[in-house]
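Fair warning: this is a prediction, and the values are worked out from it, not measured in the lab. All ligand and atom numbering here is 1-based and tracks the order in the structure.
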Amino acid sequence: MKRLTNVLVDDKVCPQLQSVLFSIVTACKDISFRVGQGALSGVLGATQDENVQGEQQKKLDVIANQILKDYLAADNNVRSIASEEEDTIVAANETGDYIVGFDPLDGSSNIDINGQIGTIFTIFSAVNQLNADDPAQFQQTGREQVAAGYVLYGSSSVLVLTTGKGTQCFTLDKTFGEFVLTNDAMQVPTETQEFSINMANSRFWFEPIQYYINDLLKGEIGIRKKRYNMRWNAAMVGDVHRVLTRGGIFLYPQDKRDPNKPAKLRLLYEANPMAMLMENAGGKASTGLQPILDVKIDDLHQRVPVIMGSSEEVEQCQFYYNQ
Ligand code: FDP
């Protein structure tokens with residue numbers, strides 16, 4: 001049985017980065033406990049407030065955000081913080097070597113129904129010449145991430161992490177409160193017969209996705225010559241975990257619903273970390289036109305189309321864009 005601490009030492013992760021990872025993981029253990037308490041600890045339901053993206057904040061969004069901010073601000077290795085629930089960058093420690101972005105509680109609509117939810121995080125090196133409160137700290141591409149991961153609060157709490165070499169999965173052993181290595185090299189199968197998309201948006205999609213999904217729906221009598229099944233958790237963290245575990249393709253494409261929000265998922269703290277985990281497990285992650293990890297972050301809350309999962313299936317989907 002290998003604990004997270006030992007894995008990071010064996011993988012020669014530098015002590016400063018280890019410290020940042022432990023701050024995040026400790027916060028997530030706290031969040032996991034509160035999620036598990038549910039209605040008993042008064043964390044369910046909504047607040048009266050909206051975040052910068054105009055979404056109503058759930059109580060657990062606010063609580064998880066505060067827990068992460070408190071742990072990270074107390075870590076001298078963290079220079080700046082960006083969160084889905086914060087309008088702008090949060091300065092932590094001017095001398096910190098790392099900057100951290102996170103979605104404190106992904107899948108908010110699942111909170112009150114006891115569905116899958118999670119915390120997604122990304123870590124970059126800080127830019128030395130820039131102050132901690134300068135949003136340009138995050139103007140990097142996903143390729144520059146030094147670590148990324150998520151904690152899924154499901155039937156068990158799992159940490160899926162990459163520090164660059166591969167994608168590892170740890171399960172929280174609640175008897176002694178530590179994450180224990182349960183898969184040391186996640187591998188996404190290259191082929192799949194399972195897709196994941198919100199079909200309710202189909203009339204708003206652009207042509208490449210209309211045609212691609214239509215061909216999947218035709219099954220064995222269509223051009224793809226095999227029957228596809230569909231799954232939708234309405235929490236990216238749950239859908240991506242399934243794809244990382246048994247293959248599949250997860251899509252949240254650009255659509256025509258609201259010209260001000262052409263895509264839904266955020267690049268910095270949703271798409272990028274998931275893309276890094278996916279690529280390091282042998283999968284692919286694309287906007288349809290380019291790898292997600294090559295898109296430069298211009299704005300902390302920038303949105304991006306997401307197509308990720310089994311490599312051959314993502315390539316098939318990209319074919320419809322190329323045409
Ligand atoms: P949510 O708004 O509930 O936090 O982060 C956005 C996200 O969830 C993803 O986790 C999820 O994949 C998607 O939005 C769900 O979107 P739909 O409302 O279209 O189902």
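Qualifying salt bridge (charged side-chain N to carboxylate O under 4.0 Å, His left out) partners for Lys226, counting only residues two or more places apart in sequence or in other chains: none.
No side-chain heavy atom of Tyr153 sits less than 4.5 Å from a side-chain heavy atom of Leu172.
Relative orientation of the Phe250 and Trp232 rings is parallel, given thresholds of 30° and 60° on the angle between their planes.
Counting side-chain heavy-atom gaps under 4.5 Å among Ile, Leu, Val, Met, Phe, Trp and Tyr, the cluster of Met1 also holds Phe176, Val180. Applying the 4.5 Å side-chain rule to ILVMFWY residues, one finds that Val62 remains a lone member of its cluster.
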Please tabulate, line by line, the atom pairs linking an N/O of ligand 1 to a protein N/O at a distance below 3.5 Å, with the distance in Å to 0.1, or answer 'none'.
unit_1	atom_1	unit_2	atom_2	d
ligand 1	2 (O)	Lys264	NZ	3.4
ligand 1	3 (O)	Ser108	N	3.2
ligand 1	3 (O)	Ser109	N	3.4
ligand 1	4 (O)	Gly107	N	3.1
ligand 1	4 (O)	Ser108	N	3.3
ligand 1	5 (O)	Asp106	OD1	3.2
ligand 1	5 (O)	Glu270	OE2	2.5
ligand 1	10 (O)	Asp106	OD1	2.7
ligand 1	10 (O)	Asp106	OD2	3.2
ligand 1	10 (O)	Met236	N	2.8
ligand 1	12 (O)	Met236	N	3.2
ligand 1	14 (O)	Lys264	NZ	3.1
ligand 1	16 (O)	Lys264	NZ	3.1
ligand 1	18 (O)	Lys264	NZ	3.3
ligand 1	19 (O)	Asn198	ND2	2.8
ligand 1	19 (O)	Tyr252	OH	2.5
ligand 1	20 (O)	Asn198	ND2	3.3
ligand 1	20 (O)	Trp232	NE1	3.1

Report task. Kindly indicate, with the supporting measurements, whether the criterion salt bridge (charged side-chain N to carboxylate O under 4.0 Å, His left out) is fulfilled by Arg143 and Glu279. Result -> CA-CA 11 Å; Arg143 296 254 172 246; Glu279 285 201 3; 2.9 Å; yes
